Each structure stands twice: as C-alpha cells, then as structure tokens.
Amino acid sequence: MTNESAGSAAGNWTDAHFGEQGGQLTYGDYLRLSGLLEAQVPESSPPAHDELLFITIHQVYELWFKLILHELGDARDRLLAGETYLPRVRLERCLAIQRVLVSQVDVIDTMTPQDFLRFRNKLAPASGFQSGQFREIEFLSGLKDPTYLKRFRGLTDLERERLERRLAEPSVWEAFLAMLDRHGFAVAGPEERFASLVAISRDREQYGPLWDLAEAMIAHDQAWSLWRARHVLMAERQIGTKAGTGGSAGGAYLRSRVELRFYPELWELRSGL
Ligand code: HEM
Ligand SMILES: N[C@@H](CC(=O)c1ccccc1NC=O)C(=O)O
C-alpha cells in the first residue's frame with residue numbers, strides 16, 4: 001500500500017467510521033471522564049502520597065459492585081420468569097468480576113502500615129462497613145440481614161431505601177427456588193429442597209442446565225467468601241489487632257464474617273451425595 005493510498009485509506013477510515021452523531025461524541029464525553037477523574041479528593045493535607053491509592057481502589061470496587069448488582073438483578077428477574085441459561089451467564093460474569101475483586105486486593109497490599117497511618121486518623125468513623133452496595137449484593141444474593149439497617153448509623157435516605165427494597169424483593173436464592181418450582185420440583189421445606197437438589201445432581205443428562213446454574217451460584221458464594229477472607233488478611237496486615245475506624249473489633253469482626261454463606265443448602269447438598 002502506497003503512502004497516498006494509506007493516507008486515503010486512513011481518511012476513508014475516519015470518514016466512514018465517525019460517530020453516528022456526525023462525529024461529535026468523544027471518548028472523554030462518552031465516559032464523563034472530567035467528573036470521574038475529579039472525584040478522588042484526599043482528606044489529608046498536605047495529601048499523603050498513598051491516599052490517592054486508597055480512594056481509587058475503593059471507587060473501583062464500588063463501580064464493580066454496581067455492575068455486579070446489575071448482573072445479579074437481571075439473573076434474579078430471569079429466574080423468576082423460569083429461565084436458566086441467561087441467569088447462569090450473568091452469574092458467571094459476576095464470578096469473573098469477583099476474581100478481579102479478590103486479585104486487586106494485591107494493589108492495596110503495596111501500601112505499608114506506616115504510610116496508611118499518615119492519613120488513617122482522618123477516616124473515622126468512615127469504614128467499608130458503610131458500603132451500601134456491598135450490603136445490597138449480600139441481600140440480593142440471599143443473605144438478608146435486617147439487623148444491619150438497625151445497627152448502621154449514617155446511611156443516606158437513598159441507601160436506606162435501596163437496602164429496604166433489597167430486603168423486601170426476592171433474592172437470587174428465592175428466585176432460584178421459584179424457578180425450580182416452575183420446573184416441577186418440590187421446594188416448600190428443607191427436606192423437599194434437599195431431595196429435589198439430589199435428584200438434579202444425580203441426573204445431569206436430564207437436568208444439566210439446573211445443575212450448572214446451581215454450580216454458578218455456589219461459585220459466586222465461594223468467591224464472595226474468598227474476598228472476605230482476603231480482606232481480613234489485608235486489613236490485619238495494615239492495622240494488626242487495632243479496632244476498626246467503623247467501631248468494630250477490626251480483624252476479629254472481619255474473621256466472624258468469613259464463614260457466612262449465601263446458599264447453605266447448596267453447600268449442605270455435598271454432604272448427602
Ligand atoms: C487499608 C485497607 C483496609 C483496612 C485496614 C480495612 C479494614 C476494615 C475493618 C477493620 C473493617 C471492619 C469495620 C470497621 O470497624 O471499620 C472493614 C470492613 C469492611 N471493609 Fe475494609 N479495610 C480496608 C480496605 C478495604 C477496601 C479496599 C474495601 C473495598 C471496598 C473494603 C471494604 C470493606 C467492607 C465491604 C467492609 C464491611 C465488611 C462486613 O461488614 O462484612 N475495605 N474494613
Ligand atoms: N476500617 C478501616 C479504614 C478503612 O479501610 C476505610 C475507611 C474509610 C472508607 C473505607 C474503608 N475501607 C474499609 O473499611 C480501618 O479500620 O483502618
């Protein structure tokens with residue numbers, strides 16, 4: 001290709017591929033980068049070097065939490081409609097995101113406790129304990145804890161409304177049971193659910209999509225527990241046995257959360273196979 005033809009080809013490429021809006025849309029406008037990149041505002045003054053890392057990683061987590069809620073909500077809605085394929089696809093996307101959430105803890109491990117202390121005193125009583133989206137994911141997944149709303153001070157009206165809605169609406173677990181019911185499986189009591197899950201597990205030729213969906217759910221549950229465990233280690237590496245800025249016992253509180261599960265009946269199923 002000659003320079004001329006390359007140039008015209010490039011010219012043609014530009015003309016042929018400008019945005020539908022007559023070439024007005026830009027990368028920065030589409031992604032609203034001006035607002036996004038001005039949203040990292042340190043509390044420390046002069047700013048401690050590592051506070052930008054601390055703010056950035058939390059905002060990245062919250063953006064991923066927003067997407068997980070988007071995917072889990074669609075999976076729940078489709079389960080209620082009796083679907084199995086796209087609910088599994090949505091859950092497997094959540095699993096891919098959660099693998100990133102676990103691995104990106106490594107980034108904050110590059111911060112030393114000494115450098116965290118340069119701004120930690122500015123943070124209390126703020127804490128990840130106050131992450132409304134984190135709690136929404138737990139409620140929507142199936143771990144509904146109404147006492148959280150009573151224990152937690154400082155929720156905005158919007159956060160409280162969203163959490164109350166999550167408590168009231170069907171969870172992924174409840175939607176999964178509704179889907180099984182639509183497929184003719186008994187789900188009224190724990191023994192019936194156990195028998196139904198055993199039947200599904202023993203005939204994957206016939207019930208493969210149902211088994212695969214249950215496996216995607218338990219993988220989501222496992223990954224969330226892996227993040228809790230990874231967060232404990234990271235937190236204790238930063239603050240040892242200090243109390244948390246949110247008022248908890250710190251690592252001891254976080255360790256108590258690692259054993260939580262969204263789908264205990266799917267874990268218990270293994271005991272009976
Ligand atoms: C220097 C790094 C960090 C330390 C030392 C730390 C420490 C803690 C501690 C001690 C708690 C218990 C509540 C409290 O008293 O504050 C907590 C809760 C929490 N943190 Fe962190 N954290 C760190 C980073 C992060 C990051 C990057 C995230 C990502 C979003 C995060 C998310 C959470 C969540 C969701 C909770 C509530 C957990 C639950 O209640 O089950 N934390 N953190
Ligand atoms: N709870 C942490 C502080 C902390 O990590 C934090 C503070 C403000 C906003 C989010 C946070 N992340 C997790 O708690 C601590 O006790 O050091």
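Start at 1 and go down the list; that is how both ligands and their atoms are numbered. Quick caveat: nothing in here was measured; it's all calculated off a predicted structure. For the numbers below, each heavy atom of this structure counts, side chains included, while hydrogens, waters and symmetry mates do not.
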Looking only at distances, please establish whether an N/O atom of ligand 1 is found under 3.5 Å from an N/O atom of Tyr61. no
What I'd like to find out is whether the side chain of His49 reaches to under 4.5 Å of the side chain of Arg118, using heavy atoms alone. no
Test salt bridge (Lys or Arg N to Asp or Glu O under 4.0 Å) on Arg255 and Glu236 and set out the steps. CA-CA 10 Å; Arg255 287 185 183 281; Glu236 292 183 340; 2.5 Å; yes
Separation of Lys122 NZ from Glu51 CD (nearest 0.5 Å): 9.0 Å
Checking Gln238 side chain against Ala235 main chain: does a donor-acceptor pair fall under 3.5 Å? no
Proximity winner for atom 1 (C) of ligand 1, if only heavy atoms of Arg237, Gln238, Lys242 are counted: Gln238
Leu167 and Leu260: same hydrophobic cluster, using ILVMFWY side-chain contacts below 4.5 Å? no
Within-cut-off N or O pair, Tyr253 and ligand 1, under 3.5 Å: yes
Here the gap from His231 atom NE2 to Ile108 atom CD1, rounded to the nearest 0.5 Å, amounts to 8.5 Å
Nearest heavy-atom contact between Ser171 and Ser141 is CB-C, 4.3 Å
Honestly, for Arg135 the part within reach of ligand 1 (heavy atoms, under 4.0 Å) is side chain
So which heavy atom in the protein is nearest atom 41 (O) of ligand 1, and how far is it from that ligand atom? Arg257 NE, 2.8 Å
Quick note on ligand 1: atoms under 4.0 Å from a heavy atom of Gly246 include exactly 14 (C), 15 (O), 16 (O)
Look only at the side chain of Arg193 and the backbone of Val187, and say whether a donor-acceptor pair between them is shorter than 3.5 Å. yes
Candidate pair Glu164 and Lys144, rule salt bridge (Lys or Arg N to Asp or Glu O under 4.0 Å), full reasoning: CA-CA 10 Å; Glu164 284 169 347; Lys144 292 184 174 181; over 6 Å; no
Considering the heavy atoms of Thr245, write down every atom of ligand 1 situated less than 4.0 Å from one of them. 15 (O), 16 (O)
Specify the protein heavy atom at minimum distance from atom 26 (C) of ligand 1: its residue, its atom name, and the distance to 0.1 Å. His58 NE2, 3.2 Å
Has ligand 1 got any nitrogen or oxygen that is less than 3.5 angstrom from a nitrogen or oxygen of Glu62? no
Can Asp221 and Trp267 be counted as having a side-chain donor-acceptor contact under 3.5 angstrom? yes
Close aromatic pair by centroid cut-off 6.0 Å: Phe134 and Trp224: yes
Starting from atom 21 (Fe) of ligand 1, count all protein N, O or S atoms within a radius below 2.8 Å. 1
Using a 3.5 Å cut-off and no angle test, enumerate the donor-acceptor pairs between side-chain atoms of residues 91-101 and protein atoms at least two apart in sequence or in another chain.
residue: Glu92; atom: OE1; partner: Arg88; partner atom: NH1; Å: 3.0
residue: Glu92; atom: OE2; partner: Arg88; partner atom: NH1; Å: 3.1
residue: Arg93; atom: NH1; partner: Glu71; partner atom: OE2; Å: 3.0
residue: Gln98; atom: OE1; partner: His220; partner atom: ND1; Å: 2.6
residue: Gln98; atom: NE2; partner: His220; partner atom: O; Å: 3.0
residue: Gln98; atom: NE2; partner: His220; partner atom: ND1; Å: 3.4

Who pairs with Tyr61 by side-chain hydrogen bond (donor to acceptor under 3.5 Å, both in side chains), at least two apart in sequence or on another chain? Trp227
Please work out whether the ring planes of Phe129 and Tyr253 are parallel, tilted or perpendicular, with thresholds of 30° and 60°. perpendicular
Please could you name the atoms of ligand 1 that Gly247 approaches to less than 4.0 Å, counting only its heavy atoms? 15 (O)
Protein heavy atom at shortest distance from atom 15 (O) of ligand 1: Ser248 OG, 2.7 Å
Per-atom filter on ligand 1: closer than 4.0 angstrom to a heavy atom of Gly250 are 10 (C)
Ligand 1 atoms nearer than 4.0 angstrom to some heavy atom of Phe54 are 1 (C), 2 (C)
Ignoring hydrogens and angles, state whether a donor on the side chain of Ser127 or Gln130 is under 3.5 Å from an acceptor on the partner side chain. no
Numbering as shown, the atoms of ligand 1 that approach Met111 to under 4.0 Å (heavy-atom distance): 1 (C)
Looking only at protein heavy atoms, what sits closest to atom 32 (C) of ligand 1 is Trp227 CH2, 3.5 Å
Tyr30 and Tyr27 aromatic centres sub-6.0 Å: no
How about Phe54 and Phe116: are their ring centroids closer than 6.0 Å? yes
Pairwise, report which nitrogen or oxygen atoms of ligand 2 are under 3.5 angstrom from protein nitrogen or oxygen atoms, and how far apart they are.
residue: ligand 2; atom: 1 (N); partner: Thr245; partner atom: OG1; Å: 2.9
residue: ligand 2; atom: 12 (N); partner: His58; partner atom: NE2; Å: 2.7
residue: ligand 2; atom: 14 (O); partner: Gly128; partner atom: N; Å: 2.7
residue: ligand 2; atom: 16 (O); partner: Arg120; partner atom: NH2; Å: 2.8
residue: ligand 2; atom: 16 (O); partner: Thr245; partner atom: N; Å: 2.8
residue: ligand 2; atom: 17 (O); partner: Arg120; partner atom: NE; Å: 2.7
residue: ligand 2; atom: 17 (O); partner: Arg120; partner atom: NH2; Å: 3.3

How does Trp64 reach ligand 1, if at all, at less than 4.0 Å between non-hydrogen atoms: by side chain, backbone, both, or neither? neither
